[in-house]
Number of protein chains: 2
Amino acid sequence: MAAAKPKFLPLYQQVKASLIKRISAGEWPPGTFLPSETALAEKYGVSQGTLRKALIELTNERCLVRYQGKGTAVATFESDQALFRFLRIRRKDGKKVQPVSLAVSARADAATPEESKELRIANGKRVYRMERIRLIDGRAVVNEVITLPLELFPGFDSIGPSNLPNTLYDLYQKSYGVIVALVEERLDAVAADAADAKRLKVPLGYPLLRILRLAFDLKGTVVELRDSRCVTDSLEYSNEIR
Amino acid sequence: MAAAKPKFLPLYQQVKASLIKRISAGEWPPGTFLPSETALAEKYGVSQGTLRKALIELTNERCLVRYQGKGTAVATFESDQALFRFLRIRRKDGKKVQPVSLAVSARADAATPEESKELRIANGKRVYRMERIRLIDGRAVVNEVITLPLELFPGFDSIGPSNLPNTLYDLYQKSYGVIVALVEERLDAVAADAADAKRLKVPLGYPLLRILRLAFDLKGTVVELRDSRCVTDSLEYSNEIR
DNA sequence: AAGTGGTCTAGACCACCTT
DNA sequence: AGGTGGTCTAGACCACTTT
């Protein structure tokens, strides 16, 4: 292309940024296919190789899925791979687990100072707060509080506590167009408090693995705060660092 | 119908495998530069683009570092970025820490059944076992046991316990050509035992974050087992999932 | 000015999926 | 057979580092 640009940003980065914007805007809903490489490349006025580079980066970032012979689709949270993408809890023998969730409470409320800070919203803004227990093999092993900024999830409080699905990220994406692209987790060891002891049926002071999670969308906005306290008798948190 | 799958390995993957082999063999020691893309491409009889694809993958896997205008070098563990690559422990305010190590004991021994299993070596093979404490801000916060298969580190037992450097991976690489390319960590919460209590100056039963780490080299061989038990009063384990 | 990696192009062919 | 993404090539030009 002959457009003289004072920009330093490589062409494929510009294309990538544009694609992120269009995907975020819902131009291609989750699970649907983008136009082919050749078609997109022509629309953008770049070569197929340049466009491909943008698509490959978005694929590496789990935003797209490419199928040889079929096309390129916007990623969903439905596939098995995606389901376990953010779930680092495993059995100590290495086997994967699919926890069952049990809602304890769920309601809209004003954000606590800590929630405001973590979610990066103004103090006292309205949030939706869910408490739930997660069971593995019928035993309560996770005591969890999930907080959402209501601004990003209008009408979320009209969903009854008992109607919440097991996999929330799929709901966020399908109903609100909120795509969780990155989570940040901070772990430490804590002693079980009275609520933990009651809900998880462990003695007071029992060592729990605490996981504080922040979820970010494609543009880097914080979309969820999650505080999980886990009994790790038969479970462990598994991580790979390359 | 047992359809024999015709193995099709792309050219750039073959080149990549060959480069891994040559780097592992020490043909280009850590920190030194490889021949230029054009030179390597000609030697392999492939196009520059194909060779570049191999180099870029190795760069993504932190095995190489590419400098525009200068060349491509074998990565080391010296840079600040590399130093913190496997260190996920941070202060709770997010600040990085550089722990100081204090050797408690270090000696060769026969592998315990658990060590054999984790290191994937025959039962009773000789290992080198190091116990150490790690201090942050002068306070003992990590109680750690590190086990190495002596076969991979001949003569390691001749290093005195007090001569061990703070950053072991740099030593592995420089003295034994062992490049740690990937670590796998499994975390849980445990209660402090008598040894923990004494060394970390916490009450018996105090909640500790336990990190079991396996380190792998470029070819996927287990090269180190590390069992760390951490006081997380002012520290946390930080992780990002994409 | 020369050499390196980084971007971009255009075209060929291969592997895979669908019709 | 036709379309899709995956690999491979050859060449051009740009950005950066060194001489």
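Sequence lines set the chain letters: A, B, ... in the order given, protein chains first and strands last, and positions in each chain run from 1.
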Student: Can you tell which of C/dC8, D/dT7, C/dA15 lies closest to the side chain of A/P10?
Tutor: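 Output: C/dC8.
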Student: Using a 4.0 Å cut-off on heavy atoms, which residues in residues 42-65 of chain B reach DNA chain C? List them by number, or say none.
Tutor: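 Under 4.0 Å from DNA chain C: B/R52.
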Student: Could you tell me the separation between the CZ atom of A/R66 and the P atom of D/dG3, rounded to a whole number of Å?
Tutor: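 Value for this atom pair: 18 Å.
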Student: Where the side chain of A/S36 is concerned, which of C/dT7, C/dT4, D/dG5 is the nearest nucleotide?
Tutor: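 Taking heavy atoms from C-beta onward, the closest nucleotide is D/dG5.
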Student: Using atom CD of A/Q13 as one end and atom P of C/dG6 as the other, report the distance to the nearest whole Å.
Tutor: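 The distance from CD of A/Q13 to P of C/dG6 comes to 13 Å, rounded to the nearest Å.
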Student: What are the residues of residues 69-76 of chain A, sorted by number, that bring a heavy atom to within less than 4.0 Å of DNA chain D?
Tutor: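 Contacting residues: A/G69, A/K70, A/G71, A/T72.
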Student: Under the side chain to side chain contact (heavy atoms under 4.5 Å, CB included) rule, what do A/I146 and A/L225 come out as? Steps first, then yes or no, please.
Tutor: CA-CA 6 Å; A/I146 300 172; A/L225 169 66; over 6 Å; no
Student: Check for a donor-acceptor pair, side chain of A/S24 on one end and backbone N or O of A/I20 on the other, with a separation under 3.5 Å.
Tutor: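 Checked: pair present.
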Student: Between atom CG in A/L9 and atom P in C/dG6, what is the gap in whole Å?
Tutor: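 Result: 16 Å.
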Student: Looking at residues at least two apart in the chain, or sitting in another chain, which of them share a ring pair (Phe, Tyr, Trp, His ring centres under 6.0 Å) with B/F153?
Tutor: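 In terms of ring pair (Phe, Tyr, Trp, His ring centres under 6.0 Å), with neighbours along the sequence ignored, B/F153 is linked to B/F156, B/Y172, B/Y176.
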Student: Does the pair A/E151 and A/K125 meet the rule for a salt bridge (Lys or Arg N to Asp or Glu O under 4.0 Å), with working shown?
Tutor: CA-CA 9 Å; A/E151 208 160 61; A/K125 272 252 182 188; 2.7 Å; yes
Student: To the nearest Å, how far apart are A/Y67 OH and C/dT18 P?
Tutor: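 To the nearest whole Å, that distance equals 11 Å.
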Student: Mind checking the CG-CG spacing from A/L187 to B/L235? Nearest 0.5 Å is all I need.
Tutor: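 Spacing of CG (A/L187) from CG (B/L235) equals 13.0 Å.
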Student: Run the numbers on B/T147 and B/M130 for side chain to side chain contact (heavy atoms under 4.5 Å, CB included), then give the verdict.
Tutor: CA-CA 6 Å; B/T147 310; B/M130 295 169 269; over 6 Å; no
Student: I'd like to know if the side chain of B/K92 reaches the main chain of B/T232, judged simply by a donor and an acceptor atom lying under 3.5 Å from each other, with no hydrogens or angles considered.
Tutor: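 The answer is yes, because a donor-acceptor pair under 3.5 Å joins these two groups.
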Student: Roughly, in whole Å, what's the span from CD in B/Q68 to C1' in D/dC13?
Tutor: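 Taking CD of B/Q68 and C1' of D/dC13, I get 13 Å after rounding.
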Student: Rounded to whole angstrom units, what separation is found between the NZ atom of A/K16 and the P atom of C/dT7?
Tutor: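 The distance from NZ of A/K16 to P of C/dT7 comes to 12 Å, rounded to the nearest Å.
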Student: Nearest whole angstrom, please: distance from the C1' of C/dT4 to the CZ of B/F33.
Tutor: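 Rounded to the whole Å, the gap is 10 Å.
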Student: Could you tell me whether the side chain of A/R226 and the main chain of A/I211 form a donor-acceptor pair under 3.5 Å?
Tutor: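 Not at all, since once roles are kept as given, no pair shorter than 3.5 Å links the two residues.
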Student: Could you state the atom-to-atom distance from CD of B/Q14 to P of D/dT7 in whole Å?
Tutor: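 Distance check: B/Q14 CD to D/dT7 P gives 12 Å.
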Student: For a quick test of reading the model: is some side-chain N or O of A/Y12 closer than 4.0 Å to OP1 or OP2 of C/dT7?
Tutor: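 Result: yes.
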Student: Has B/E240 got a side-chain atom pairing as donor or acceptor with A/E185's backbone, closer than 3.5 angstrom?
Tutor: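 No; judged by distance alone, with no hydrogens or angles, the pair does not exist.
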